2 protein chains.
Amino acid sequence: MYTIDPLARKPIYEQIIDQLELFVATGAFKPGDRIPSVRAVSTSSGVNPMTILKAYGELDSRGVICSVPGRGYFVSEGAKEKIAEAKINGLGELRGQIAALCRLGIPKSSVYALVDEAYGEITAGGDTL
Amino acid sequence: MYTIDPLARKPIYEQIIDQLELFVATGAFKPGDRIPSVRAVSTSSGVNPMTILKAYGELDSRGVICSVPGRGYFVSEGAKEKIAEAKINGLGELRGQIAALCRLGIPKSSVYALVDEAYGEITAGGDTL
DNA sequence: ATAGGTGTTATAGTCCACATATAACAGTTT
DNA sequence: AAACTGTTATATGTGGACTATAACACCTAT
């Protein structure tokens, strides 16, 4: 279902959000698809239902998924775009982290190499956009 | 002394660590220099001494500064290198964040642009290393 | 030696995000 | 009716960050 690490510094509900966003981005979950129910995820992962609900509620408020009482949660139309948009908006934080490296004297080439490395792991040559 | 934002998501003691590292990296604080005392920082910033101590203690354990009981804290020899080394080791986390952008379909060119933007703000043309 | 600065330790308490535990209520499907 | 679904409410536990206060020990200058 989802891969949860209770010991990670990242909260469980954020881990769920990240993974579901990834599933949507990769097309594993498409608009209209029903996603795993709160109780099903809770049972299979051992995580409290309230924690799952917190993740789903957050995604719902972002318009990525949509709750249908009695039926379940479903991937929204345009979910992929909503996710990308949110990520773009959240890029400022990353920029700050990179700027900090700059101020500390880390050469730009090292950061470029880091980006290449990160992208190389996944795309292995082909650009994504 | 230090610029503290109690409302920031980043803990106060980490804010102090970051700023002191920056001062060392830029040469504002050089090896042998005495840094602001725990009590002085506490008084001027309104932050509890224990919080300052937590920041200084962490930097001490990293070998960036050195405590001399009765006299104060002093910047260690090779502090700059220790900081850079620690940052390099902590780069894996950033790599993970960038990889996440890749998986979500953010084009590599966008990330390159982000790096350029971040470095452009500070270096404005000249490479740092 | 006294005073005033320094780091250091100890204890206790507050606050808040995260996660849990449990239960109950309501809607949908079969 | 049964078995799912989401939803809400209340209470509890845990851990990190921060505060409050006090005391102890060290160094230096007067």
Side-chain angles (χ1 to χ4, degrees), chain A residues 1-20 29 31-76 79 90 93, chain B residues 1-20 29 31-76 79 90 93:
Chain A
M1 207 84 86
Y2 300 108
T3 303
I4 306 295
D5 177 11
L7 302 177
R9 38 269 166 240
K10 191 189 286 268
I12 294 176
Y13 79 96
E14 280 187 22
Q15 295 180 39
I16 295 172
I17 290 175
D18 288 349
Q19 289 179 48
L20 199 139
F29 286 170
D33 283 357
R34 183 170 162 271
I35 67 175
S37 78
V38 171
R39 282 180 179 81
V41 175
S42 175
T43 301
S44 74
S45 65
V47 174
N48 193 287
M50 300 300 295
T51 303
I52 318 293
L53 189 67
K54 184 169 185 178
Y56 282 7
E58 175 67 28
L59 286 164
D60 192 340
S61 74
R62 290 188 201 165
V64 174
I65 60 180
C66 180
S67 102
V68 183
R71 296 206 56 226
Y73 278 95
F74 298 84
V75 178
S76 301
E93 188 190 346
Chain B
M1 208 83 85
Y2 300 108
T3 303
I4 305 295
D5 178 9
L7 303 177
R9 38 272 169 242
K10 191 189 287 268
I12 294 176
Y13 78 95
E14 280 188 22
Q15 296 180 37
I16 295 172
I17 290 175
D18 288 349
Q19 289 180 47
L20 199 139
F29 286 169
D33 283 357
R34 183 171 162 271
I35 67 175
S37 77
V38 170
R39 283 180 179 82
V41 174
S42 175
T43 302
S44 74
S45 66
V47 173
N48 192 287
M50 301 300 295
T51 304
I52 319 294
L53 189 67
K54 184 171 185 177
Y56 282 7
E58 175 67 28
L59 287 164
D60 192 340
S61 73
R62 289 188 202 166
V64 173
I65 59 180
C66 181
S67 101
V68 182
R71 297 207 54 224
Y73 277 94
F74 297 83
V75 178
S76 301
E93 188 190 347

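All values reported here derive from a predicted model rather than from experimental measurement. Below, chain A is the first sequence line, B the second, and so on; all start at residue 1.
For D:dC18, the OP1/OP2 oxygens have no side-chain nitrogen or oxygen of B:Lys54 closer than 4.0 Å. In this model, the phosphate group of C:dG5 is not approached by any side-chain N or O of B:Ser37 to a distance below 4.0 Å at OP1 or OP2. Remark: A:Thr51 is not in phosphate contact with C:dA19, judged by side-chain N or O atoms under 4.0 Å from OP1 or OP2.
With hydrogens and angles ignored, the 3.5 Å screen pairs no side-chain donor or acceptor of A:Ser67 with any backbone N or O of A:Tyr73. A side-chain donor-acceptor contact under 3.5 Å links A:Ser45 to the backbone of A:Val41.
You'll find the side chain of A:Pro36 reaches within 4.5 Å of the side chain of A:Tyr56, heavy atoms only.
At whole-Å resolution of the value, CZ in A:Arg71 and C1' in C:dG27 are 11 Å apart. Computed from coordinates, the A:Ile12 CD1 to C:dT20 C1' distance equals 10 Å when rounded to whole Å. Distance B:Ile35 CD1 to C:dT6 P: 12 Å, rounded to the nearest Å. As rounded to whole Å, 10 Å separates atom C1' of D:dT5 from atom OH of A:Tyr73. A:Leu59 places its CG atom 13 Å from the P atom of D:dG6, with the value rounded to the nearest Å. Whole-Å rounding puts the B:Ile52 CD1 to C:dT9 C1' distance at 17 Å. For B:Ile65 and C:dT8, the CD1 to C1' distance is 14 Å, given to the nearest whole Å. Between B:Leu7 atom CG and D:dC18 atom C1' there is a gap of 13 Å when expressed in whole angstrom units.
Put simply, the side chain of B:Arg39 and the base of C:dG7 share a donor and an acceptor less than 3.5 Å apart. Applying the 3.5 Å distance criterion, the base of C:dA19 shares no donor-acceptor pair with the side chain of A:Asn48.
Nucleic acid contact class of B:Leu53 (heavy atoms, under 4.0 Å, all strands): base. B:Tyr56 comes within 4.0 angstrom of no nucleic acid atom, judged by non-hydrogen atoms across all strands. Using a 4.0 Å heavy-atom criterion, one finds that A:Arg34 contacts the sugar-phosphate atoms exclusively.
Positionally, the nearest nucleotide of DNA chain D for A:Pro69 lies more toward the 5' end than for the other of A:Pro69 and A:Met50.
Nearest heavy atom pair, residue B:Ile35 against residue B:Ile65, reads CD1-CD1, 3.9 Å. Summarising the geometry of A:Lys10 relative to A:Gln15, their closest heavy-atom pair is O-NE2, 2.9 Å, with the distance given to 0.1 Å. For the residue pair A:Gly32 and A:Phe74, the shortest heavy atom distance occurs at O-CD2, 3.4 Å.
Salt bridge absent: A:Glu58 and A:Lys54 never bring a charged side-chain N and a carboxylate O closer than 4.0 Å.
End-to-end axis angle for the helix from C:dA1-D:dT30 to C:dT30-D:dA1, using five pairs per end and rounding to 10°, comes out at 10°.
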